[in-house]
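The block underneath contains the structure these notes are about, expressed in structure tokens.
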2 protein chains.
Amino acid sequence: MKLATLNDGTRDGQLMVVSRDLKTAQLADGVARTLQKALDDWRFIAPQLDAIYQDLNQGRGRRSFAFDATQCMAPLPRACQWVDGSAYVNHVELVRKARGAELPASFWEEPLMYQGGSDDLLGPHDDISLFHEAWGIDFEAEVAVITDDVAMGATPDQALQRIRLLMLANDVSLRNLIPDELAKGFGFLQAKPATSFSPVAVTPDELGDAWKGGKVHLPLHSSWNGKLVGKPQAGVDMVFNFPQLIAHLAQTRNVRAGSIIGSGTVSNSGGKRGYSCIAEQRCLEIIANGSASTPYMAFGDTIRIEMFDADGKSIFGAIDQTVKQAGAQA
Amino acid sequence: MKLATLNDGTRDGQLMVVSRDLKTAQLADGVARTLQKALDDWRFIAPQLDAIYQDLNQGRGRRSFAFDATQCMAPLPRACQWVDGSAYVNHVELVRKARGAELPASFWEEPLMYQGGSDDLLGPHDDISLFHEAWGIDFEAEVAVITDDVAMGATPDQALQRIRLLMLANDVSLRNLIPDELAKGFGFLQAKPATSFSPVAVTPDELGDAWKGGKVHLPLHSSWNGKLVGKPQAGVDMVFNFPQLIAHLAQTRNVRAGSIIGSGTVSNSGGKRGYSCIAEQRCLEIIANGSASTPYMAFGDTIRIEMFDADGKSIFGAIDQTVKQAGAQA
């Protein structure tokens with residue numbers, strides 16, 4: 001099943017069911033007005049959404065219309081939780097190596113995760129609107145899941161059963177604000193502006209064999225200003241799978257329905273399949289040449305993030321954003 | 001105006017208007033079903049809630065009933081954002097001093113804040129349910145505000161105008177998990193379990209002269225197992241006021257309606273007015289005697305947090321929680 005949120009001018013938008021080929025959609029207003037409402041009562045609501053989905057796929061959607069990803073908000077335009085992992089430890093190791101720091105051995109044994117802001121999640125075509133290029137604007141292409149309720153102390157096996165939807169994320173980062181902020185010791189606040197999500201969120205069964213062991217076994221494509229810069233395999237080098245990330249989060253508290261958990265920047269060791277964030281490329285340059293030659297994003301730059309199935313069909317639709325200068329800072 | 005959320009079995013509960021003396025309440029169902037819905041359209045909804053409030057205070061509430069704080073959820077049982085400051089820098093300095101670390105000078109100039117989880121906010125009488133005493137269970141008594149939308153780049157003056165409600169918070173902390181988690185550099189995740197809030201959230205005008213300069217000028221009472229252990233002045237030693245905290249948060253992103261911002265543990269320098277968290281008392285003991293003699297909370301312990309106006313009347317009602325052992329860890 002594929003779901004999306006139509007921008008109807010409200011804060012939470014309106015839930016749509018989208019056909020498998022991303023060509024048609026239908027409002028789910030008779031079933032659940034918003035995606036959060038569907039997640040709040042998934043066992044009851046999901047079969048009704050699935051009935052619409054089957055009709056759409058067979059061209060029998062009674063009130064269907066052409067699906068337009070540019071009209072989408074994030075599947076959850078605001079969420080009760082957004083937590084991002086750093087499951088591709090290769091990425092973390094590389095960043096540390098570039099600044100001459102060692103990776104603690106524990107990073108291979110216990111997930112590194114940060115609590116992000118979830119009040120203002122961007123749609124796939126929303127501008128990345130920021131005041132200053134000097135902040136070091138970077139994209140981070142990721143896979144993310146949305147959970148149902150997960151009880152405190154859940155095991156990874158239990159957490160796996162509570163994953164309801166998958167989507168793509170662009171965890172925009174302000175690289176030049178990170179060092180000072182992390183030095184304060186309390187995690188990210190200003191260095192992580194609003195995160196963006198793919199137009200469509202899909203149930204795990206939509207991925208077929210590519211959803212295995214709590215990971216998505218497909219490449220994630222990132223194109224910066226129209227040039228493909230990375231297509232690392234999301235199922236490779238993911239040291240902690242989604243169930244492990246969720247179980248880590250749920251160790252001391254209940255996790256509630258509609259929580260979004262990200263994988264962290266998808267990254268394969270060796271850098272042979274390109275990069276999912278500019279920082280990684282710059283780290284490779286620093287290690288090789290002593291300094292970075294690739295700049296961060298400039299106003300006007302675009303970033304497109306997409307994942308295709310074995311037949312080359314887009315699964316989630318594309319995140320396709322432009323970096324814009326925000327109006328004068330107040 | 002005073003507002004609360006009735007536990008009616010739903011995830012977001014039901015909005016109630018509560019009389020100034022906290023004796024009667026009335027459902028706001030004809031106006032806004034939940035507090036988030038009221039915040040989503042505050043300019044339109046607030047006057048209607050205020051009309052109910054005036055009736056209640058004059059004993060003219062047509063469908064009023066006795067207000068029972070034990071039936072309350074958190075004013076926002078789940079929120080799109082919970083961010084906690086450390087505005088009482090004295091507290092931060094003391095904790096550092098106890099472990100022999102110096103406080104960076106920048107901590108007096110720029111707020112220290114962390115992004116917290118907001119998917120599972122506890123009501124004032126909910127148990128603090130955790131698996132292990134060995135985690136070092138501590139309370140943290142705080143003041144918190146709920147904002148309307150705040151635009152990216154807002155100044156403190158602009159942020160001040162966007163504060164809609166105030167409440168009390170118990171930012172429960174697991175002290176023995178903090179060192180390892182902060183050493184990883186990405187902030188709190190497991191060390192901050194679910195946060196609790198006072199039964200009632202009030203508009204700033206309810207505080208009269210006590211709301212001045214973006215601070216609450218009243219003492220905050222904390223009683224541990226029935227013994228008053230702290231009543232520091234919340235308006236004293238608050239190095240960053242709420243507008244400054246909000247402006248810091250909004251530097252690189254829009255802050256959306258229903259965001260909760262906490263003050264951090266209320267703490268006066270010198271410790272003469274007692275403590276709002278056990279860690280602070282232990283730090284004073286370590287500095288004086290080389291070791292801490294006060295233990296953290298045990299299963300069965302209670303913590304009551306409350307604030308009174310100049311006439312000795314409770315403003316927000318009390319947070320009154322018991323620490324309980326959670327069922328066997330899965």
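Distance check, rounded to the nearest 0.5 Å: OG of B:Ser129 to CE of A:Met152 gives 4.5 Å.
Contacts of B:Arg253 with chain A are made by side-chain atoms alone, with heavy-atom separations under 4.5 Å and no backbone atom involved. Residue contact with chain A, scored on non-hydrogen atoms closer than 4.5 Å, is absent for B:Asp157. Within the 4.5 angstrom heavy-atom criterion, no atom of B:Leu121 approaches chain A. In this structure, chain A has no heavy atom under 4.5 Å from any part of B:Pro77. Neither the backbone nor the side chain of B:Ala183 comes within contact range of chain A, judged by heavy atoms closer than 4.5 Å. In this structure, the portions of B:Pro193 lying under 4.5 Å from any heavy atom of chain A include both its backbone and its side chain. Proximity to chain A (any heavy atom under 4.5 Å) is restricted, for B:Ser259, to the side chain, taken from C-beta onward. In this structure, chain A has a heavy atom under 4.5 Å from the side chain of B:Val83, while its backbone stays farther away.
In this structure, B:Glu109 places its CD atom where more than 12 heavy-atom neighbours from other residues, nucleotides or ligands lie under 6.0 Å away.
With respect to A:Arg11 and B:Asp41, no salt bridge is recorded, no charged nitrogen being found less than 4.0 Å from a carboxylate O.
In terms of heavy-atom pairs under 4.5 Å with chain A, the best-connected choice from B:Glu110, B:Met113, B:Gln81, B:Gln190 is B:Gln190. Ranked by heavy-atom pairs shorter than 4.5 Å toward chain A, the options B:Ala194, B:Pro104, B:Gly116 are led by B:Gly116. When each of A:Asp40, A:Leu130, A:Leu182, A:Thr10 is checked for heavy-atom pairs under 4.5 Å with chain B, A:Asp40 comes out on top. Heavy-atom pairs under 4.5 Å with chain A peak, among B:Leu174, B:Asp180, B:Leu112, B:Leu177, at B:Leu112.
B:Ser118 approaches A:Cys80 most closely through the heavy-atom pair OG-O, 2.9 Å. In plain terms, the two heavy atoms of B:Ser86 and A:Phe186 that are nearest each other are OG-CE2, 3.6 Å. Between A:Val255 and B:Asp119, the closest heavy-atom pair is CA-OD2, 3.3 Å.
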_Walk me through whether A:Lys184 and B:Phe107 qualify under side-chain contact (heavy atoms from CB on, under 4.5 Å)._
CA-CA 8 Å; A:Lys184 291 165 82 176; B:Phe107 278 38; 4.1 Å; yes
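For the pair B:Leu189 and A:His248, the minimum side-chain heavy-atom distance is below 4.5 Å.
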